[in-house]
Amino acid sequence: MPELPEVETIRRQILPVTRQLTIVAGQVTRARAVRAHRSPEEFLALIIQRRILDIIRRGKVLLFLLDNDTSLLVRLGMSGRLGVAEACLPSLPHTHVQLTLSNGTELRFIDPRTFGQMAVVNGHDPDRMAELGHYGLEPLSEAFTSQALAQALAGKKQLIQAVLMDQTKIAGLGKIYADEACFLASVSPLRTAASLNTEDIARLHAAIRQVLEQSISARGTSTLDAAYRDANGNKGDFQAKLYVYQRAQQSCRVCGTLIEQRPLQGRRMHFCPRCQR
DNA sequence: AATGGGGCCTGAGAGC
DNA sequence: TGCTCTCAGGCCCCAT
(Lines give C-alpha, C1' and ligand atoms only; values in the text may rest on other atoms or scores of the structure.)
Protein backbone atom coordinates (compact mmCIF):
# COMPACT_ATOMS: atom_id res chain seq x y z
CA MET A 1 0.00 0.00 0.00
CA PRO A 2 1.52 3.30 -0.93
CA GLU A 3 2.01 5.29 2.24
CA LEU A 4 4.30 8.27 2.66
CA PRO A 5 7.62 6.51 1.89
CA GLU A 6 6.29 4.83 -1.22
CA VAL A 7 4.73 8.04 -2.52
CA GLU A 8 7.91 9.99 -1.77
CA THR A 9 9.96 7.37 -3.61
CA ILE A 10 7.77 7.71 -6.67
CA ARG A 11 7.96 11.51 -6.47
CA ARG A 12 11.75 11.46 -6.44
CA GLN A 13 11.86 9.09 -9.40
CA ILE A 14 9.24 10.86 -11.53
CA LEU A 15 10.37 14.43 -10.93
CA PRO A 16 13.62 14.42 -12.94
CA VAL A 17 11.96 12.85 -15.98
CA THR A 18 8.91 15.12 -16.09
CA ARG A 19 10.03 18.51 -14.81
CA GLN A 20 9.56 21.33 -17.33
CA LEU A 21 7.81 19.04 -19.78
CA THR A 22 4.40 19.92 -21.18
CA ILE A 23 1.42 17.58 -21.27
CA VAL A 24 0.59 17.57 -24.96
CA ALA A 25 -2.08 14.87 -25.12
CA GLY A 26 -3.89 12.47 -22.87
CA GLN A 27 -6.14 9.46 -22.73
CA VAL A 28 -8.45 8.29 -19.94
CA THR A 29 -9.56 4.71 -20.41
CA ARG A 30 -11.44 4.43 -17.12
CA ALA A 31 -13.59 7.36 -16.11
CA ARG A 32 -13.55 6.36 -12.44
CA ALA A 33 -9.87 7.31 -12.31
CA VAL A 34 -10.90 10.96 -12.75
CA ARG A 35 -14.21 10.77 -10.89
CA ALA A 36 -13.82 14.19 -9.29
CA HIS A 37 -14.53 15.62 -12.73
CA ARG A 38 -17.73 15.54 -14.74
CA SER A 39 -16.03 13.69 -17.55
CA PRO A 40 -12.62 12.52 -18.75
CA GLU A 41 -12.80 15.21 -21.43
CA GLU A 42 -13.17 17.92 -18.81
CA PHE A 43 -10.20 16.54 -16.88
CA LEU A 44 -8.00 16.36 -19.96
CA ALA A 45 -8.96 19.86 -21.11
CA LEU A 46 -7.66 21.23 -17.82
CA ILE A 47 -4.19 19.76 -18.17
CA ILE A 48 -3.41 19.62 -21.86
CA GLN A 49 -0.81 22.21 -22.89
CA ARG A 50 0.14 22.71 -19.24
CA ARG A 51 3.79 22.52 -18.26
CA ILE A 52 4.91 20.59 -15.16
CA LEU A 53 6.92 22.96 -12.95
CA ASP A 54 7.52 20.69 -9.98
CA ILE A 55 6.13 17.73 -8.04
CA ILE A 56 5.48 18.00 -4.32
CA ARG A 57 4.01 15.57 -1.82
CA ARG A 58 1.55 16.14 1.02
CA GLY A 59 0.97 13.03 3.11
CA LYS A 60 0.21 10.26 0.63
CA VAL A 61 -0.80 12.67 -2.13
CA LEU A 62 1.31 13.86 -5.05
CA LEU A 63 0.81 17.29 -6.61
CA PHE A 64 2.16 18.04 -10.06
CA LEU A 65 2.41 21.84 -10.03
CA LEU A 66 1.28 23.18 -13.40
CA ASP A 67 2.14 26.47 -15.05
CA ASN A 68 -1.28 28.08 -14.68
CA ASP A 69 -1.47 27.90 -10.88
CA THR A 70 -3.33 24.62 -10.88
CA SER A 71 -2.11 21.22 -9.74
CA LEU A 72 -2.61 17.68 -10.93
CA LEU A 73 -3.43 15.80 -7.75
CA VAL A 74 -2.65 12.08 -7.66
CA ARG A 75 -3.89 9.72 -4.98
CA LEU A 76 -2.54 6.21 -5.38
CA GLY A 77 -5.09 4.64 -3.05
CA MET A 78 -4.27 1.03 -2.33
CA SER A 79 -2.89 -0.22 -5.59
CA GLY A 80 -2.04 2.84 -7.66
CA ARG A 81 1.21 3.14 -9.57
CA LEU A 82 2.82 5.85 -11.64
CA GLY A 83 5.46 5.42 -14.27
CA VAL A 84 7.02 7.21 -17.20
CA ALA A 85 7.53 5.13 -20.33
CA GLU A 86 8.34 5.56 -23.98
CA ALA A 87 5.08 5.87 -25.87
CA CYS A 88 5.94 2.88 -28.06
CA LEU A 89 6.05 0.51 -25.09
CA PRO A 90 2.84 -1.43 -24.36
CA SER A 91 0.94 -0.29 -21.29
CA LEU A 92 0.37 -2.55 -18.32
CA PRO A 93 -3.08 -3.94 -17.52
CA HIS A 94 -5.21 -1.49 -15.51
CA THR A 95 -3.58 1.56 -17.03
CA HIS A 96 -6.39 4.09 -16.67
CA VAL A 97 -4.70 7.38 -17.61
CA GLN A 98 -1.88 8.06 -20.07
CA LEU A 99 -0.52 11.57 -20.51
CA THR A 100 1.81 12.23 -23.42
CA LEU A 101 4.64 14.60 -22.54
CA SER A 102 6.47 16.99 -24.85
CA ASN A 103 9.51 14.73 -25.14
CA GLY A 104 7.40 11.84 -26.42
CA THR A 105 7.27 9.85 -23.19
CA GLU A 106 4.05 8.99 -21.36
CA LEU A 107 3.12 9.47 -17.73
CA ARG A 108 1.00 6.45 -16.88
CA PHE A 109 -1.41 5.86 -14.01
CA ILE A 110 -2.06 2.19 -13.26
CA ASP A 111 -4.52 1.12 -10.57
CA PRO A 112 -6.11 -2.36 -10.38
CA ARG A 113 -8.34 -1.69 -7.37
CA THR A 114 -9.32 1.75 -8.61
CA PHE A 115 -9.25 3.37 -5.19
CA GLY A 116 -6.77 5.91 -6.51
CA GLN A 117 -7.60 8.92 -8.60
CA MET A 118 -6.30 11.92 -10.51
CA ALA A 119 -7.86 15.36 -10.30
CA VAL A 120 -7.02 18.92 -11.23
CA VAL A 121 -7.21 21.35 -8.33
CA ASN A 122 -6.62 25.07 -7.96
CA GLY A 123 -3.39 26.53 -6.62
CA HIS A 124 -0.02 25.10 -5.64
CA ASP A 125 -0.22 25.27 -1.86
CA PRO A 126 -1.76 22.11 -0.37
CA ASP A 127 -2.63 23.89 2.86
CA ARG A 128 -4.92 26.22 0.92
CA MET A 129 -6.63 23.52 -1.13
CA ALA A 130 -10.13 22.39 -0.29
CA GLU A 131 -8.98 18.83 -0.98
CA LEU A 132 -5.98 18.84 1.37
CA GLY A 133 -6.44 21.84 3.64
CA HIS A 134 -7.70 19.67 6.48
CA TYR A 135 -4.60 17.48 6.47
CA GLY A 136 -2.62 17.28 9.67
CA LEU A 137 1.07 17.35 10.48
CA GLU A 138 3.57 16.55 7.73
CA PRO A 139 5.84 14.07 9.50
CA LEU A 140 9.06 14.96 7.71
CA SER A 141 8.62 18.72 8.09
CA GLU A 142 10.17 20.94 10.73
CA ALA A 143 6.71 21.58 12.10
CA PHE A 144 6.48 17.95 13.17
CA THR A 145 7.86 18.26 16.68
CA SER A 146 7.24 16.15 19.73
CA GLN A 147 5.12 18.97 21.11
CA ALA A 148 3.04 19.17 17.94
CA LEU A 149 2.49 15.42 18.07
CA ALA A 150 1.42 15.71 21.71
CA GLN A 151 -1.10 18.33 20.71
CA ALA A 152 -2.47 16.13 17.92
CA LEU A 153 -2.93 13.22 20.33
CA ALA A 154 -4.20 15.19 23.32
CA GLY A 155 -7.50 14.00 24.72
CA LYS A 156 -8.14 11.45 21.98
CA LYS A 157 -9.94 8.39 23.29
CA GLN A 158 -9.27 6.33 20.18
CA LEU A 159 -6.53 3.74 20.10
CA ILE A 160 -3.18 5.28 19.27
CA GLN A 161 -2.97 3.46 15.95
CA ALA A 162 -6.30 4.84 14.79
CA VAL A 163 -5.16 8.38 15.54
CA LEU A 164 -1.82 7.85 13.80
CA MET A 165 -3.67 6.80 10.65
CA ASP A 166 -6.05 9.76 10.78
CA GLN A 167 -4.81 11.99 7.96
CA THR A 168 -6.24 15.07 9.64
CA LYS A 169 -3.89 14.51 12.59
CA ILE A 170 -0.76 13.24 10.84
CA ALA A 171 -0.63 12.97 7.07
CA GLY A 172 1.04 10.01 5.44
CA LEU A 173 0.85 7.08 7.85
CA GLY A 174 -1.15 3.95 7.00
CA LYS A 175 -1.22 0.49 8.48
CA ILE A 176 2.39 -0.41 7.85
CA TYR A 177 4.08 2.57 9.43
CA ALA A 178 1.55 2.99 12.24
CA ASP A 179 2.34 -0.59 13.28
CA GLU A 180 6.08 -0.14 12.89
CA ALA A 181 6.26 3.24 14.62
CA CYS A 182 4.46 1.90 17.68
CA PHE A 183 6.86 -1.01 17.83
CA LEU A 184 9.94 1.20 17.53
CA ALA A 185 8.56 3.44 20.27
CA SER A 186 7.75 0.43 22.52
CA VAL A 187 4.17 1.66 22.72
CA SER A 188 1.34 -0.86 22.81
CA PRO A 189 -1.29 -0.24 20.12
CA LEU A 190 -3.91 -1.27 22.70
CA ARG A 191 -3.46 2.08 24.43
CA THR A 192 -5.51 5.14 23.71
CA ALA A 193 -3.81 8.24 22.37
CA ALA A 194 -4.73 10.15 25.52
CA SER A 195 -2.94 7.62 27.73
CA LEU A 196 0.52 8.40 26.35
CA ASN A 197 2.79 10.49 28.54
CA THR A 198 5.40 12.98 27.36
CA GLU A 199 8.14 10.35 27.18
CA ASP A 200 5.96 7.95 25.20
CA ILE A 201 5.17 10.70 22.75
CA ALA A 202 8.82 11.70 22.42
CA ARG A 203 9.72 8.10 21.54
CA LEU A 204 6.80 7.87 19.13
CA HIS A 205 7.83 11.10 17.47
CA ALA A 206 11.37 9.84 16.92
CA ALA A 207 10.05 6.46 15.78
CA ILE A 208 7.76 7.94 13.14
CA ARG A 209 10.61 9.99 11.69
CA GLN A 210 12.98 7.05 11.80
CA VAL A 211 10.74 4.48 10.16
CA LEU A 212 9.66 6.83 7.39
CA GLU A 213 13.21 7.92 6.58
CA GLN A 214 14.55 4.38 6.64
CA SER A 215 11.77 3.16 4.41
CA ILE A 216 12.36 5.96 1.91
CA SER A 217 16.02 4.91 1.83
CA ALA A 218 14.85 1.40 0.98
CA ARG A 219 12.44 2.76 -1.68
CA GLY A 220 9.41 1.70 0.34
CA THR A 221 7.67 -1.52 1.32
CA SER A 222 6.26 -4.08 -1.10
CA THR A 223 3.76 -6.26 0.73
CA LEU A 224 2.26 -9.51 -0.50
CA ASP A 225 -1.01 -8.14 -1.80
CA ALA A 226 -1.58 -5.05 -3.97
CA ALA A 227 2.14 -5.28 -4.60
CA TYR A 228 3.57 -1.80 -4.53
CA ARG A 229 6.12 -1.01 -7.20
CA ASP A 230 8.18 2.13 -7.53
CA ALA A 231 8.07 4.31 -10.63
CA ASN A 232 10.60 2.02 -12.31
CA GLY A 233 8.48 -1.05 -11.66
CA ASN A 234 10.77 -2.38 -8.95
CA LYS A 235 9.80 -3.66 -5.52
CA GLY A 236 10.86 -1.73 -2.45
CA ASP A 237 13.28 -3.25 0.02
CA PHE A 238 11.80 -2.26 3.35
CA GLN A 239 9.54 -5.30 3.80
CA ALA A 240 12.61 -7.27 4.89
CA LYS A 241 13.08 -4.84 7.76
CA LEU A 242 9.57 -4.83 9.18
CA TYR A 243 9.31 -5.77 12.85
CA VAL A 244 5.59 -6.39 13.22
CA TYR A 245 3.47 -5.55 10.17
CA GLN A 246 2.07 -8.76 8.64
CA ARG A 247 4.31 -10.80 10.93
CA ALA A 248 1.56 -12.34 13.09
CA GLN A 249 2.64 -15.62 14.72
CA GLN A 250 6.26 -14.99 13.78
CA SER A 251 8.96 -14.35 16.37
CA CYS A 252 9.69 -10.80 17.45
CA ARG A 253 13.06 -9.84 16.02
CA VAL A 254 14.03 -8.34 19.38
CA CYS A 255 12.72 -10.72 22.08
CA GLY A 256 11.44 -13.79 20.24
CA THR A 257 7.88 -13.51 21.54
CA LEU A 258 5.22 -14.31 18.93
CA ILE A 259 3.83 -11.23 17.23
CA GLU A 260 0.10 -10.80 17.82
CA GLN A 261 -2.59 -9.35 15.63
CA ARG A 262 -5.91 -7.86 16.71
CA PRO A 263 -8.80 -6.20 14.93
CA LEU A 264 -8.68 -2.45 14.54
CA GLN A 265 -11.51 -0.69 12.70
CA GLY A 266 -12.04 -3.60 10.35
CA ARG A 267 -8.31 -3.98 9.79
CA ARG A 268 -5.66 -5.64 11.88
CA MET A 269 -2.91 -4.23 14.00
CA HIS A 270 0.27 -6.14 14.73
CA PHE A 271 2.44 -5.84 17.79
CA CYS A 272 4.84 -7.58 20.16
CA PRO A 273 3.04 -8.07 23.48
CA ARG A 274 6.36 -8.08 25.32
CA CYS A 275 8.30 -5.21 23.72
CA GLN A 276 5.30 -2.88 23.53
CA ARG A 277 3.71 -1.62 26.74
C1' DA B 1 -17.87 17.15 17.31
C1' DA B 2 -16.08 12.86 17.47
C1' DT B 3 -16.34 8.28 16.33
C1' DG B 4 -17.51 3.90 14.13
C1' DG B 5 -18.92 1.28 10.31
C1' DG B 6 -20.11 0.31 5.40
C1' DG B 7 -18.98 0.52 0.57
C1' DC B 8 -16.09 0.99 -3.20
C1' DC B 9 -12.78 -2.39 -6.02
C1' DT B 10 -9.78 -6.41 -7.87
C1' DG B 11 -6.35 -10.01 -7.43
C1' DA B 12 -4.00 -13.34 -4.61
C1' DG B 13 -4.37 -17.12 -1.98
C1' DA B 14 -6.97 -20.54 0.70
C1' DG B 15 -10.21 -24.08 0.76
C1' DC B 16 -13.06 -27.51 -1.27
C1' DT C 1 -7.84 -28.48 -12.12
C1' DG C 2 -11.10 -25.06 -11.37
C1' DC C 3 -14.37 -22.91 -8.85
C1' DT C 4 -15.88 -19.96 -4.79
C1' DC C 5 -14.83 -17.45 -0.80
C1' DT C 6 -12.13 -14.36 2.04
C1' DC C 7 -9.02 -10.85 2.77
C1' DA C 8 -6.34 -6.71 1.93
C1' DG C 9 -7.16 -1.34 3.03
C1' DG C 10 -7.23 4.34 1.65
C1' DC C 11 -10.73 7.29 1.55
C1' DC C 12 -15.36 8.97 1.43
C1' DC C 13 -19.91 9.04 3.21
C1' DC C 14 -23.35 8.37 6.56
C1' DA C 15 -25.28 7.24 11.13
C1' DT C 16 -24.96 7.69 15.95
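Here is how names work: the chains are called A, B, and so on, in the same order as the sequence lines, proteins then strands, and each is numbered from 1.
- Within 4.0 Å of A:Arg30, counting heavy atoms only, lie sugar-phosphate atoms of the nucleic acid but no base atom.
- Remark: the A:Arg268 side chain and the C:dA8 base include no donor-acceptor N/O pair separated by less than 3.5 Å.
- Between A:Phe109 atom CZ and B:dC9 atom C1' the separation is 13 Å, expressed in whole Å.
- In this structure, A:Gln151 places its CD atom where only 12 or fewer heavy-atom neighbours from other residues, nucleotides or ligands lie under 6.0 Å away.
- The distance between atom CD of A:Gln161 and atom C1' of B:dG4, rounded to the nearest whole Å, is 17 Å.
- Counting to the nearest Å, the C1' atom of B:dG4 and the CG atom of A:Leu159 are 12 Å from each other.
- Between the side chains of A:Asp111 and A:His96, no donor-acceptor pair is found at a separation under 3.5 Å.
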For A:Leu258 and A:Ser251, run side chain to side chain contact (heavy atoms under 4.5 Å, CB included): C-alpha distance rounded to whole Å, both residues' side-chain angles, the deciding distance at 0.1 Å, then the answer. CA-CA 5 Å; A:Leu258 292 184; A:Ser251 298; 4.2 Å; yes
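- Atom pair A:Asp111:CG and B:dG11:P shows a separation of 11 Å (rounding to whole Å applied).
- Side-chain contact of A:Tyr177 with A:Glu6: a donor-acceptor pair under 3.5 Å is present, judged by distance alone.
- Rounded to whole angstrom, the span from the NZ atom of A:Lys157 across to the P atom of B:dA2 amounts to 11 Å.
- Taking only side-chain nitrogens and oxygens, A:Arg32 comes nearer than 4.0 Å to OP1 or OP2 of B:dC9.
- Legend: residues meeting ring pair (Phe, Tyr, Trp, His ring centres under 6.0 Å) with A:Phe183, ordered by chain and number and at least two apart, are A:Tyr243.
- Put simply, CZ on A:Arg229 is 13 Å from C1' on B:dG11, counting in whole angstrom units.
- Going from atom CZ of A:Arg113 over to atom P of B:dT10 covers 11 Å, rounded to whole Å.
- Between A:His94 and B:dC9 there is no side-chain N or O to OP1 or OP2 distance below 4.0 Å.
- The shortest distance between the side-chain N/O atoms of A:Gln158 and the OP1/OP2 oxygens of B:dA2 is not below 4.0 Å.
- Shortest non-hydrogen contact noted between A:Glu260 and A:Pro273 is OE2-CG, 3.5 Å.
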Please tabulate, one pair per line, all N/O donor-acceptor pairs under 3.5 Å involving side-chain atoms of residues 55-65 of chain A, not counting sequence neighbours.
residue: A:Arg57; atom: NE; partner: A:Glu8; partner atom: OE1; Å: 2.8
residue: A:Arg57; atom: NH1; partner: A:Gly59; partner atom: O; Å: 3.0
residue: A:Arg57; atom: NH1; partner: A:Glu138; partner atom: OE2; Å: 2.7
residue: A:Arg57; atom: NH2; partner: A:Glu138; partner atom: OE2; Å: 3.1
residue: A:Arg58; atom: NE; partner: A:Asp127; partner atom: OD1; Å: 3.4
residue: A:Arg58; atom: NH1; partner: A:Gly136; partner atom: O; Å: 3.0
residue: A:Arg58; atom: NH1; partner: A:Glu138; partner atom: OE1; Å: 3.0
residue: A:Arg58; atom: NH2; partner: A:Tyr135; partner atom: O; Å: 3.3
residue: A:Arg58; atom: NH2; partner: A:Gly136; partner atom: O; Å: 2.6
residue: A:Lys60; atom: NZ; partner: A:Leu173; partner atom: O; Å: 3.3

Under a 4.0 Å heavy-atom criterion, the protein footprint on nucleotides 11-16 of chain C, written with B, S and -, is BS----
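- Atoms CZ (A:Arg35) and P (B:dG7) sit 17 Å apart, rounded to a whole Å.
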